[in-house]
Visitor: 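Dropping a structure here in structure tokens format, bear with me for questions.
So you know, we letter chains A, B, ... as the sequences are listed, proteins then strands, and number each from 1.
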Protein chains: 2
Amino acid sequence: MQNSEAMALSAALLATAGDLVRRIDEGVVARGFEGVRPAHGFAFARLAPDGATVTELAVHLGVTKQAASQLVDDIVRKGYAERRPHPGDARARLIVLTERGWACARAAEEAAAEVVRGWGDVLGEGEVRVLRGCLARIAPYGPLRPNW
Amino acid sequence: MQNSEAMALSAALLATAGDLVRRIDEGVVARGFEGVRPAHGFAFARLAPDGATVTELAVHLGVTKQAASQLVDDIVRKGYAERRPHPGDARARLIVLTERGWACARAAEEAAAEVVRGWGDVLGEGEVRVLRGCLARIAPYGPLRPNW
DNA sequence: CGACATAGTCAAGCTACTTGACCATCCCGT
DNA sequence: ACGGGATGGTCAAGTAGCTTGACTATGTCG
């Protein structure tokens, strides 16, 4: 594998990732959820099961807890989540999704599924599964946030 | 394909992309080029063949020409590129890489090749080619800049 | 019970972008 | 040839999303 081929592969990967995020975001907006940034989606993914504290969210997103707290301010103000007292730790607060937050998370899943279906049309279902398998083995715990 | 599987694939793709960029950046720094952000690498790729104008660079990067101009200021100040008069258009300037800029671009290619070699160890050469083929067909002209 | 650790917030600062305004030069129809 | 709109580039100011630093409240452990 020549260096230039590695660059071509890298560029294709980054282009695909950028395209995916852009189209998911567009799909979420098209479903009626405005003022939502892609980063919010990653937060929703962490909050969805049972809620999370600000600190847990910060770790998940790879940012400081102050930044996570600001993000929570934002999604609370927009009605997607709410701060509740934490059962069993009076210092902490449990951030949970509101009904609208859940609806937005579902919208993001639908949008992602739509994009991936498009890939299936181009590649075929089998190759999409191969793709998923490859990626899962390469970077099972890669960073969610981009560094560029 | 269920929605949750689409999300898993999306997450794997973004994790891989994030990991790739982080490791290329680390590789470039390890080769002695400091103060270089990943965005600079995308600029280098556009400047490498024959140079480019600020406006062309802005289109390539998906930012305003003011932002591209600021980025050029930065890499000029750091010695990676220089502004030259444009042959045939007195309004424009041709931004070209310096020798150090070329060296940095080569370092990025080496770092990328190193990461991709790691993928080859995990997946096998054949599957890496399949991966590259899939990605190239999915988003041949996706955005270079992340939106999240 | 006292000392240190941890959850969260407030405040200020930084960086990489944006929008808006502007000048110099090019191109093209009259 | 020339006048007017398009284009290339820069300067200036504003913004969003992060950072670091300082602080309070609560938990944990010897």
Visitor: Under 3.5 Å, side-chain donor or acceptor atoms of residues 42-59 of chain A against the rest of the protein: list the pairs with distances, not counting sequence neighbours.
Guide:
from    : atom 1 : to      : atom 2 : distance (Å)
A:Thr53 : OG1    : A:Glu56 : N      : 3.1
A:Glu56 : OE1    : A:Thr53 : N      : 2.9

Visitor: Using whole Å, report how far CD of B:Glu56 lies from P of D:dG8.
Guide: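 Spelled out: CD on B:Glu56 to P on D:dG8 is 8 Å.
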
Visitor: Once ring-ring contact (aromatic ring centres under 6.0 Å, His included) is applied, what residue pairs with a partner in residues 87-139 of chain B remain, sequence neighbours excluded?
Guide: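 Pairs touching residues 87-139 of chain B that pass the test: none.
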
Visitor: Who else is in A:Val29's hydrophobic cluster (ILVMFWY, side-chain heavy atoms under 4.5 Å, direct or via others)?
Guide: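 Same cluster as A:Val29: nobody, lone residue.
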
Visitor: Among residues 77-93 of chain B, which ones have heavy-atom contacts with DNA chain C below 4.0 Å?
Guide: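 Within this stretch, B:Asp89, B:Ala90, B:Arg91 sit under 4.0 Å of the strand.
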
Visitor: Of all the nucleotides listed (D:dC18, C:dC17, D:dT10), which has the minimum atom distance to the side chain of B:Ser69?
Guide: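 Nucleotide nearest to B:Ser69's side chain: D:dT10.
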
Visitor: What is the distance from CD1 of B:Ile75 to C1' of C:dA16, rounded to the nearest Å?
Guide: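 These atoms are roughly 15 Å apart.
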
Visitor: Between CE of B:Met7 and CD1 of A:Ile24, what distance do you get to the nearest 0.5 Å?
Guide: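 Rounded to the nearest 0.5 Å, the CE-CD1 separation comes out at 6.0 Å.
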
Visitor: Check this one for me: any side-chain N or O of A:Thr55 less than 4.0 Å away from OP1 or OP2 of C:dG8?
Guide: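 Checking C:dG8 against A:Thr55, a side-chain N or O does come within under 4.0 Å of OP1 or OP2.
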
Visitor: Please state whether the phosphate of D:dG9, meaning OP1 or OP2, lies under 4.0 angstrom from any side-chain nitrogen or oxygen of B:Thr53.
Guide: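 It does, given that an N or O in the side chain of B:Thr53 lies less than 4.0 Å from OP1 or OP2 of D:dG9.
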
Visitor: With nearest nucleotide decided by heavy atoms, which residue, B:Leu94 or A:Leu71, maps closer to the 5′ end of DNA chain D?
Guide: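 Final value for this comparison: B:Leu94.
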
Visitor: Filter on ring-ring contact (aromatic ring centres under 6.0 Å, His included), then keep only pairs touching residues 53-78 of chain B, sequence neighbours left out; what's left?
Guide: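 Sorted pair list comes back empty.
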
Visitor: Using links of under 4.5 Å between side-chain heavy atoms of ILVMFWY residues, direct or through other members, which residues join A:Val130 in one cluster?
Guide: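 Noted: A:Val130 shares its cluster with B:Val130.
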
Visitor: For B:Arg23, check salt bridge (Lys or Arg N to Asp or Glu O under 4.0 Å) against everything at least two apart and list the hits.
Guide: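 Per chain and number, B:Arg23 pairs via salt bridge (Lys or Arg N to Asp or Glu O under 4.0 Å) with B:Asp19.
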
Visitor: B:Ser69 side chain to B:Lys65 main-chain N or O, any donor-acceptor pair under 3.5 Å?
Guide: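 Pair absent, no side-chain N/O of B:Ser69 close to backbone of B:Lys65.
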
Visitor: Take the protein atom NZ of A:Lys65 and the nucleotide atom P of D:dC23, then report the distance between them rounded to whole Å.
Guide: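 That distance rounds to 15 Å.
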
Visitor: Return the value, rounded to whole Å, for the distance between atom CG of A:Leu61 and atom C1' of D:dC18.
Guide: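 So the two atoms are 12 Å apart, to the nearest Å.
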
Visitor: Please enumerate all residues that pass side-chain hydrogen bond (donor to acceptor under 3.5 Å, both in side chains) together with A:Glu82, with sequence neighbours excluded.
Guide: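 Partners of A:Glu82 under the side-chain hydrogen bond (donor to acceptor under 3.5 Å, both in side chains) test: A:Arg84.
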
Visitor: I'd like a list of close polar pairs between nucleotides 12-17 of chain D and the protein, N/O only, cut-off under 3.5 Å.
Guide:
from   : atom 1 : to      : atom 2 : distance (Å)
D:dG17 : OP1    : A:Arg37 : NE     : 2.6

Visitor: Run the side-chain hydrogen bond (donor to acceptor under 3.5 Å, both in side chains) test against B:Lys78 and tell me which residues pass, sequence neighbours left out.
Guide: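 Expected list: B:Asp74.
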
Visitor: To the nearest 10°, give me the bend of the helix from C:dC1-D:dG30 to C:dT30-D:dA1, comparing the axes of its five terminal pairs at either end.
Guide: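 For the helix from C:dC1-D:dG30 to C:dT30-D:dA1, the axes at opposite ends meet at about 20°.
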
Visitor: With a 3.5 Å cut-off and sequence neighbours excluded, list the donor-acceptor pairs that the side chains of residues 109-116 of chain A form with protein atoms.
Guide:
from     : atom 1 : to      : atom 2 : distance (Å)
A:Glu110 : OE1    : A:Arg31 : NE     : 3.0
A:Glu114 : OE1    : A:Arg31 : NH2    : 3.3

